[in-house]
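All of these numbers come straight from a predicted model, not from anything done at the bench.
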Amino acid sequence: MTGKTGVQRVVIAGGGTAGWLAAAALTRQLRDQVAVTLVESDAIGTIGVGEATIPTIRSFHALLGLDERTFLRSTKASFKLGIQFENWAREGDSYIHSFGALGRGTWMAEFHHMWLEARAQGFGGAVSAACAEHEAARLGRFATDEQGTLNYAYHLDAGLYAKALREQAEAQGLTRMEGRIARVERDGASGDIAALVLEDGTRVAGDLFLDCTGFRALLIEGEMQAGWEDWSHWLPTNRALAMQTRATGPAMPYTRAIAHDAGWRWQIPLQHRMGNGLVYASDYLSDDEAHHRFASMVEGEALTEPRLIRFTTGRRKRVWVKNCVALSLASGFVEPLESTSIHLTMIAITRLLQLFPFNGSTPALARRFDDLAQRELERVRDFVMLHYVLNQRPEPFWQRMRDMPLPDSLADRIAVWREAAHAWQGAEDLFRVDSWVQVMLGQRLEPEGHHHVARLMPPDRLQQTLAAMQAATAASVARLPTHQQFLDRHGGAPPDPRAA
C-alpha cells in the first residue's frame with residue numbers, strides 16, 4: 001500500500017491502447033524508479049476502433065522514443081492533415097478542419113480578421129487558401145521534411161498499435177500477467193487498493209493502480225465509486241457501429257465525417273484498409289435500422305462484421321481516488337467526432353508522470369490532477385458540441401441539437417464570435433484559434449463584425465499580401481507527392497533483399 005515507503009509498484013488494470021500507452025511511457029520514463037505490471041485477459045475484447053489521432057501524438061511518440069518509420073510499418077498507419085466535414089450545416093456542404101495555421105496575423109489580431117476585412121472589400125479568396133495543411137488535404141498531397149512544413153497526425157490500426165506498444169514495454173522491463181480480475185483487495189486502514197486478485201487466485205499487489213478497463217471502469221467506479229457526470233443531454237449520440245473494409249482507392253490524408261439524419265459516419269483510410277463507423281442517437285435511429293443503413297453505406301469488401309459499441313458521453317466526478325487513477329474510457333468519454341480519445345489518454349499519462357506520487361498518493365495531488373483533467377475535457381466537449389449546435393438541417397435530431405441550452409462556456413464563445421469574430425485558445429484548451437475559426441465558418445456562423453487592424457494598410461497592399469501568402473502556399477503544395485505515393489515509399493514493409 002502507499003505510505004512512507006512511497007510508490008514502488010505500479011499496476012495497470014487492462015490493456016488495449018490506453019493500458020499499453022501507459023505501460024510504454026512509465027517503463028521508459030521512470031526506468032528503475034518503479035516496477036510496472038500490466039494485468040489483462042485475452043478473453044476480454046477491447047474497443048479498438050480509435051484509429052484517428054491529432055498532432056499531439058507525435059510529441060508523445062518522441063517521449064516514447066518511437067521511430068516514425070517503424071511505427072508506420074508496424075501499425076499500417078497513414079497520415080492525417082485534418083477532417084473533412086460533409087453535410088453538417090446543410091446537406092451538400094463540405095469543409096475541412098485542418099491542423100494548420102490559416103495565415104500570419106499580428107499581435108493585435110489573428111489572421112482571420114484580415115481575411116474578413118479583405119472579403120468585405122471584395123477580395124481575399126478562401127479563408128484556408130494560405131493554409132498548407134488545408135490545401136494539401138484538399139488536393140490529396142503529403143510529405144514530411146526536416147523543416148516540419150506540415151502539421152500532421154496519423155490514422156492507425158489500434159490493435160497493431162497496442163501490439164507494438166506492448167513489445168516496447170516488455171523490452172523495457174514490464175511484467176504482463178494474463179487473467180481476469182475477480183476482486184479488488186483494499187487496505188482496511190487507508191482505504192487504498194492493496195492488490196488485484198485474479199480468477200485463478202493470483203494476487204497482484206501494488207502501490208499505485210491505473211484503471212484502463214474501459215467503459216467498465218472496474219476500479220475507479222466499481223470499487224472506488226468515483227461517481228459519474230452524464231453529458232448525454234448535450235451530446236446524445238450513444239451508439240456506434242464499426243467495421244473494416246478493403247480500400248477501394250488511394251488513401252486520402254484526412255478523416256471523413258459525414259452527417260446523416262441521426263448522427264454521422266466516419267471513413268478512416270489506412271495503408272491496407274478503410275475503417276468505417278456509424279455514430280447515432282438511439283432515440284432517433286433504432287439499432288436494426290442502423291445496421292441496415294450502415295450496410296448500404298460502406299464501400300469495398302467487408303473484412304470484419306459490424307461491431308455495436310454502446311457509450312454515454314460524460315466524465316467521472318473524480319479520476320484520481322486514493323491510489324487509483326483512471327485513464328482513457330474509464331475516466332470519461334466525449335464522442336469520437338474530433339479524434340480526441342487517444343490524445344486525452346496521452347495527456348493524462350503525461351500529467352501523471354509530471355505529478356507522479358513518488359512519496360505516496362495525497363489528496364492535494366489528486367485534486368490537481370482532477371482539476372486539469374476536468375477542465376480540458378469540458379473544452380473538448382464544447383468544441384465537439386459546436387459542430388452540432390451550428391446546424392441548419394431539418395431533421396428532429398438536428399433540430400434538438402440546434403435548440404438545446406448550452407453550457408455557458410460554449411454560449412460565450414459563440415456570442416463573442418458572432419458579434420466580433422474573436423476566437424481564442426485558453427490554457428485548458430486543446431484546440432487552437434484556427435480550429436475554432438475553421439469550424440465556425442464551416443458551419444455557416446458568419447460574424448457581424450471584426451477587428452479593423454487590416455484597415456491600417458492600403459487595400460492594394462492588403463490584397464497583395466494575401467495573394468502572396470496564397471501563392472506561396474499553392475507553390476509549396478504543388479511540389480508534394482500524392483499521399484498514396486508518399487505512403488508507398490515510406491509506410492510499407494522494407495524491401496525483401498531476396499527480391500533483388
Side-chain angles (χ1 to χ4, degrees), residues 51-59 77-89 93-105 110-116 124-145 147-155 251-259 264 266-269 336-340 342-343 380 383-384 386-387 390 417 423-425 429-445 466 469-484 486-487:
E51 299 187 315
T53 63
I54 61 176
T56 52
I57 190 174
R58 293 163 57 204
S59 297
S78 65
F79 295 93
K80 176 184 174 183
L81 292 169
I83 304 173
Q84 179 167 285
F85 289 93
E86 303 171 35
N87 303 329
W88 278 79
D93 279 7
S94 179
Y95 69 93
I96 295 175
H97 165 208
S98 73
F99 296 140
L102 296 177
R104 295 188 299 274
E110 301 282 351
F111 168 81
H112 66 271
H113 290 280
M114 300 180 187
W115 176 80
L116 287 166
V127 68
S128 300
C131 175
E133 289 80 0
H134 183 279
E135 293 303 281
R138 183 176 65 84
L139 297 171
R141 295 181 176 273
F142 184 84
T144 59
D145 57 37
Q147 288 73 41
T149 303
L150 295 176
N151 190 30
Y152 62 88
Y154 308 105
H155 302 121
M252 299 301 286
Y254 54 81
T255 302
R256 292 180 69 193
I258 308 160
W264 61 281
W266 75 72
Q267 287 187 339
I268 299 175
L337 183 63
E338 281 285 351
S339 313
T340 55
I342 291 177
H343 162 80
V380 169
F383 189 68
V384 170
L386 184 73
H387 303 67
L390 302 179
W417 171 264
W424 63 90
Q425 180 181 15
D429 291 329
L430 168 61
F431 292 99
R432 304 186 308 180
V433 169
D434 300 284
S435 293
W436 287 92
V437 171
Q438 288 176 92
V439 173
M440 286 190 283
L441 288 174
Q443 296 288 145
R444 295 178 174 263
L445 182 59
L466 292 180
M469 288 184 189
Q470 294 166 0
T473 298
S476 67
V477 170
R479 292 191 291 268
L480 299 175
T482 69
H483 178 235
Q484 189 63 60
F486 188 82
L487 271 182

Shortest non-hydrogen contact from [X] to [Y]?
| X | Y | value |
| --- | --- | --- |
| Ser128 | Gln438 | OG-OE1, 4.2 Å |
| Val477 | Arg141 | O-CD, 3.2 Å |
| Leu480 | Ala136 | CD1-CB, 4.2 Å |
| Ala423 | Val437 | CB-CG2, 4.2 Å |
| Ile268 | Ala52 | CD1-CB, 3.9 Å |
| Leu337 | Ile83 | O-CD1, 3.6 Å |

Once you round to the nearest 0.5 Å, how far does [atom1] of [X] lie from [atom2] of [Y]?
| X | Y | atom1 | atom2 | result |
| --- | --- | --- | --- | --- |
| Met252 | Phe142 | CE | CZ | 13.0 Å |
| Ser339 | His97 | OG | NE2 | 10.0 Å |
| Met469 | Met114 | CE | CE | 7.0 Å |
| His112 | Leu441 | NE2 | CG | 8.0 Å |
| Leu81 | Leu139 | CG | CG | 11.0 Å |
| Tyr254 | Arg138 | OH | CZ | 10.5 Å |

Closer than 3.5 angstrom, by distance alone: can the side chain of [X] be matched with the main-chain N or O of [Y] as a donor-acceptor pair?
| X | Y | value |
| --- | --- | --- |
| Ser78 | Pro269 | yes |
| His483 | Ala251 | yes |
| Gln470 | Gly124 | yes |
| Gln267 | Arg256 | no |
| Gln443 | His387 | yes |

Quick one, [X] and [Y] - any side-chain contact, counting heavy atoms below 4.5 Å?
| X | Y | result |
| --- | --- | --- |
| Thr144 | Tyr152 | yes |
| Leu102 | His134 | no |
| Lys80 | Thr255 | yes |
| Trp264 | Phe85 | no |
| Asp434 | Phe99 | no |
| Trp88 | Asp93 | no |
| Met440 | Leu386 | yes |

Do you know which of Phe383, Phe431, Trp417 makes ring pair (Phe, Tyr, Trp, His ring centres under 6.0 Å) with Trp436?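 Option passing the ring pair (Phe, Tyr, Trp, His ring centres under 6.0 Å) with Trp436: Phe383.
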In sequence, state the C-alpha distance, the side-chain angles, and the governing distance for Arg58 and Tyr154, and then conclude on side-chain contact (heavy atoms from CB on, under 4.5 Å). CA-CA 9 Å; Arg58 293 163 57 204; Tyr154 308 105; 3.5 Å; yes
Near Arg444 CZ, under 6.0 Å, is it more than 12 heavy atoms from other residues, nucleotides or ligands?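 More than 12 heavy atoms, drawn from other residues, nucleotides or ligands, come within 6.0 Å of this atom.
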